[in-house]
Amino acid sequence: MRHLLAMTDLKPGEIERIFSITVDLKTKFEQGVREALLPGRVMAMLFEKKSLRTRVSFEAAMVHLGGSAMFLGAEAGFGSRESLEDFARVLSEYVDVIVVRAYRHDTVVKMANVASCSVINGLTDYAHPCQAMADLFTLRELVGRLEGHTLAFVGDGNNVARSLAVGCGKMGMRFVMATPEGYRFDGKFLARLAREVPKLELVVTGDPAEAVQGAVAVYTDVWTSMGQEAESEQRRRDFAGYQVNAALMAKAPRGAFFMHCLPAHRGEEVTDEVIDGPQSVVVRQAANRMHVQKGILAWLLGAQA
Ligand code: CP
Ligand code: NVA
């Protein structure tokens, strides 16, 4: 039984396979064809946190593939009525795949350990693999081969940054982070990177201007992630010099893309000028969430593309 809990679950060849299914499905979709690769398959969706992109793109993806998506709200009792394990054991008897957005990464791990169907992480405090997959796919559409390119990440060493770092390592890209001390990857994650993606070239700096030099794209995410709202004042102070604005983009190579997983806190990590500007590919990233998740679902559920 395969799950997608973190980017470390995928080998480079598997990422390529998912991308090739995605290219095929996206091309057909753009031609008006919604290929029903997963007829009769059922996906359950559980969200402990808010979501626009992940929730809607997964649901639309499954419907386009000929399957059905079931969003389970609070009345299902997830996390409140019975043990997580009992919940996952029973739910996985009814459905073919479960997408979970949880506060704690441990929640998706525990579910995957006992589920009789695939579990997909739709974001935890630790990782956001579906986002990283869509982002790498977007870059691949924009620049072709990813190998040798540098992705600059300016901001918090959070779930999105971790998944991107692993993804970059798997695809032969450099990952350069500009992050204040106290918000960088911890020793445990650095050890995991060294073990799982030994070829990753990771550079960590406190200087955003240094980070964006030579980058094919400049990526940022919110300074305060969901669940960290109590820290937002402190974080605004700590990240004050890390805004992606026109002055910072001017230090990146001409033609560098601006990327953001969204939702954005405009005026904090990014200015309107940059996110709405010609270098921004944020809507394309969001659109690709749906296409790449079709690839992930088709691959995980073993459909022939
Ligand atoms: N990028 C992303 O996961 O967006 P949502 O929180 O809206 O799902
Ligand atoms: N780092 C953000 C990503 C949202 C898609 C969060 O966890 O809130």
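Computation of the quantities below employed the complete heavy-atom set of this structure, encompassing side-chain atoms and omitting hydrogens, waters and symmetry-equivalent molecules. Counting convention: from 1, in listed order, for ligands and their atoms alike.
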- Query: Under 6.0 Å between ring centres, would you say that holds for Tyr219 and Phe258?
  - Reply: no
- Message: Ignoring hydrogens and geometry beyond distance, is a side-chain donor-acceptor pair present between Thr150 and Arg174 at under 3.5 Å?
- Response: yes
- Item | Donor-acceptor side-chain pairing of Ser92 and Ser116 below 3.5 angstrom | yes
- Query: To the nearest 0.1 Å, how far is atom 6 (O) of ligand 1 from its closest protein heavy atom, and which atom is that?
  - Reply: Arg101 NH1, 2.7 Å
- Message: Check this for me: does any side-chain nitrogen of one of Arg266 and Asp276 sit under 4.0 Å from a carboxylate oxygen of the other?
- Response: yes
- Item | Polar atom proximity, Pro263 to ligand 1 (N or O, under 3.5 Å) | no
- Message: Regarding Asp9 and Arg2, does a basic nitrogen lie under 4.0 Å from an acidic carboxylate oxygen?
- Response: no
- Query: Which is closest to atom 7 (O) of ligand 2 by heavy-atom distance: Asp156, Asn159, Val160, Asp221?
  - Reply: Asn159
- Message: Geometry only, no angles: is Cys261 polar-contacting ligand 1 at N/O separations under 3.5 Å?
- Response: yes
- Less than 4.0 Å between a side-chain N and a carboxylate O, is that true for Arg104 and Asp106? yes
- Query: Any idea which protein heavy atom is nearest atom 8 (O) of ligand 2, and the distance to it?
  - Reply: Met226 N, 2.8 Å
- Query: So is there a nitrogen or oxygen of Cys261 less than 3.5 Å from a nitrogen or oxygen in ligand 2?
  - Reply: no
- Note on the structure: Residue, atom and distance of the protein heavy atom nearest atom 4 (C) of ligand 2 read Leu123 CD1, 3.7 Å
- Message: Would Leu123 count as a contact residue for ligand 1, given that I'm defining contact as a non-hydrogen atom of the residue lying under 4.0 Å from a ligand atom?
- Response: no
- Query: How close does the nearest protein non-hydrogen atom get to atom 7 (O) of ligand 1, and which residue and atom is it?
  - Reply: Leu52 N, 2.7 Å
- Task: Please write down residue, atom name and distance for the protein heavy atom closest to atom 4 (O) of ligand 1.
- Result: Arg53 NE, 2.8 Å
- Inspect the contact between Glu196 and Lys170 and indicate whether a charged nitrogen and a carboxylate oxygen are less than 4.0 angstrom apart. no
- Query: Short N/O distance, under 3.5 Å, between His128 and ligand 1?
  - Reply: yes
- Presence of salt bridge, Glu14 and Arg17, under 4.0 angstrom: no
- Among the heavy atoms of Leu262, does any lie under 4.0 Å from an atom of ligand 2? yes
- Ion pair present between Arg101 and Glu48, side-chain N to carboxylate O less than 4.0 angstrom? no
- Task: Answer with yes or no whether Arg289 contacts ligand 1, where contact means a heavy atom under 4.0 Å from a ligand atom.
- Result: yes
- Task: Could you say whether the N/O atoms of His128 and ligand 2 ever approach to under 3.5 Å?
- Result: no
- Query: Considering only heavy atoms of Ser51, which atoms of ligand 1 have at least one such atom less than 4.0 Å away?
  - Reply: 5 (P), 6 (O), 7 (O), 8 (O)
- Does the separation of the ring centres of Phe29 and His64 fall below 6.0 angstrom? yes
